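Report on one structure; see the data block that follows.
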Amino acid sequence: MDAEVFHSLKNLAQGVAPLADLFHADPSRSEWLTVDACGIHADFSRQRINTTLYEALLHAADVADIHGSFKKMMAGDIMNVTEDRAVGHLALRAPATSSPLAQQAAGQLGRARQLADNIRSGAVNGATGKSFTTVINIGIGGSDLGPAMATRALRRFANGPVVKFVSNIDGADLDEALHGAQPESTLFVVSSKTFTTLETMHNAERARHWIQARVPDWSQHFVAATAHAEAALNWGIQKDHCLEFFDWVGGRFSLSSVIGFPMMCSIGGDQFSDFIAGMAEMDNHVVTAPANVNIPMMHALIWWMNSALHSFSTVAVIPYSHDLSRLPAYLQQLVMESNGKSVGTDGRSVLGGTSPVVWGEAGTNGQHAFFQMLHQGTQIVPVEFVTTASSLGTDDEAHDLLFANVIAQSEALAAGRVHAEPHKTFEGNRPSSVLVLDELNPRGLGSLIAMYEHSAVIQGWLMGVNSFDQWGVELGKVLAVDAASAIAGGSQSDTKTMTHPLLNWYISIRKKLSRKQ
Ligand code: F6P
């Protein structure tokens with residue numbers, strides 16, 4: 001974005017009157033700042049926006065040619081320039097006939113759905129003939145967070161094997177998943193785009209030993225979801241258990257690929273298709289709806305305004321839905337890995353803040369933990385309430401109370417309270433949005449997740465960063481390999497680094513501990 005335009009937007013943002021004055025001056029603001037589409041009611045009226053800033057933001061989106069960028073992305077242009085890759089996650093849910101990429105994707109998704117349904121029906125069983133009652137996904141980052149979040153969110157639709165997720169290299173994670181599981185009836189899904197990730201390959205190796213101890217014909221108990229089929233086949237995955245996605249699908253954008261396989265095992269192929277239909281509906285909305293009634297566009301402009309123009313460094317995403325409790329963790333990767341950058345696509349420093357720190361916890365639990373700070377702390381933290389119109393559990397009265405709390409918290413943040421005693425004063429003017437899903441079902445969840453995918457990408461385009469690379473995670477991976485080989489070698493290092501005293505201390509303490517065992 002042009003520096004002059006950026007600074008004029010920043011001045012406009014900082015000149016916006018307090019929310020109380022805005023509501024007083026224009027009682028209709030909730031009409032033009034609320035958008036209903038794709039089963040989502042999005043209320044942005046308690047964000048620090050007046051009509052001038054609103055028009056200016058919409059104009060900025062127009063100048064940034066967001067629509068044109070989506071078109072290029074869908075045409076298969078190299079949008080991920082630093083990795084020289086196309087960005088094709090929209091093709092994963094487009095009709096098979098719409099492009100060669102969509103056709104490739106549909107073929108693999110069809111194979112995955114069929115395999116999941118065969119596992120669920122007992123047409124595909126373990127090597128000893130027992131049906132699979134436990135499915136354990138081994139993967140990390142985009143190969144874990146999306147399917148783990150979605151499987152939990154749709155747990156009321158689960159009618160297949162128990163599905164668990166293991167991601168951490170800490171052995172305690174796999175230990176917990178194996179507790180109570182039987183090798184004869186357990187299926188592992190090794191989910192890894194690259195099929196090289198240290199954590200995943202280490203855990204997969206351990207899982208293989210665990211199966212092999214009781215079932216020599218172990219390969220019947222493994223499925224791979226990967227973009228590197230050759231590596232998976234070399235590892236020993238059977239050809240018909242090797243589900244593929246593609247170089248042109250980023251890990252954090254891969255939930256609608258075969259990375260969704262654990263979800264398919266849990267809810268079945270048809271329900272997964274509904275999830276994909278919800279995503280496709282949102283994909284169509286983002287490219288066809290005018291900007292002022294386009295939920296991902298409005299959402300992105302607001303998140304960008306808060307981080308880049310107001311320099312609010314964090315955003316709290318609070319699902320008022322127990323089943324959506326993994327949403328903040330999923331969004332951390334989607335938003336922070338995509339946009340946590342300081343240089344633009346052109347290699348130059350960006351203007352203004354980029355990704356906010358995304359964090360959160362299910363409401364109402366969060367109210368009794370950190371909301372004190374949100375209401376009266378010295379930092380302004382924009383809050384995003386995500387909830388559902390229809391009740392999820394069996395207690396409708398509880399759902400009314402849950403929703404009442406969303407309203408109460410939004411009101412308290414925005415309006416505040418004047419009080420004679422300073423410690424009972426709420427200054428208000430604290431921004432928040434409310435996103436209400438009609439229903440937390442596969443279609444609704446698909447629509448919500450595609451909305452967040454598009455918003456993250458649009459924010460990246462507004463910032464001028466490449467939302468599709470993640471060079472910032474590479475250095476740590478390389479250094480971990482060096483540190484692991486030093487620990488395995490057991491000899492003290494004399495290379496002077498900032499951490500070699502800690503490494504040497506660990507090597508000596510490990511020796512002492514292993515002598516004791
Ligand atoms: O942490 C970096 C990262 O490359 C993520 O982008 C990715 O989702 C994750 O690691 C897992 O990678 P893979 O699916 O290749 O195992």
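The structure presented is a predicted model; accordingly, all values stated were derived computationally and were not measured. Remember, it's 1-based here, ligands and their atoms both numbered in the order they're listed.
- For the side chain to side chain contact (heavy atoms under 4.5 Å, CB included) with V386, the lone residue among L331, I40, L448 that qualifies is L448.
- From the protein, the heavy atom lying nearest to atom 5 (C) of ligand 1 is E337 OE1, 3.4 Å.
- Below 3.5 Å of separation, one finds an N or O of S192 facing an N or O of ligand 1.
- The shell of residues lying under 4.0 angstrom from ligand 1, judged by heavy atoms, excludes E199.
- Looking at residues two or more places apart in sequence or on another chain, you find a salt bridge (charged side-chain N to carboxylate O under 4.0 Å, His left out) between D469 and K341.
- Among all non-hydrogen protein atoms, the one lying nearest atom 4 (O) of ligand 1 is K477 NZ, 3.5 Å.
- Heavy atoms from other residues, nucleotides or ligands lying under 6.0 Å from CG of D270 number 12 at most.
- Heavy-atom contacts of Q333 reach the following atoms of ligand 1: 5 (C), 6 (O), 7 (C), 8 (O) (cutoff under 4.0 Å).
- Here the closest non-hydrogen pair linking M279 and G446 is CG-O, 3.2 Å.
- In terms of protein heavy-atom proximity, atom 2 (C) of ligand 1 is nearest to V473 CG2, 3.4 Å.
- When only interatomic distances are considered, the shortest N/O to N/O separation between G142 and ligand 1 falls below 3.5 Å.
- The cationic group of R208 lies under 6.0 Å from the six-membered ring centre of W235 and within 45° of the ring axis, placing it in a cation-pi geometry.
- For atom 9 (C) of ligand 1, the nearest protein heavy atom (residue, atom name, distance) is I140 O, 3.7 Å.
- Sequence neighbours left out, not one pair with a member in residues 332-357 passes ring-ring contact (aromatic ring centres under 6.0 Å, His included).
- Residue, atom and distance of the protein heavy atom nearest to atom 12 (O) of ligand 1 are T197 OG1, 3.5 Å.
- The proximity of T194 to ligand 1, defined as any non-hydrogen pair under 4.0 Å, involves the side chain as well as the backbone.
- For CD of Q238, the number of neighbouring non-hydrogen atoms (other residues, nucleotides, ligands) closer than 6.0 Å is greater than 12.
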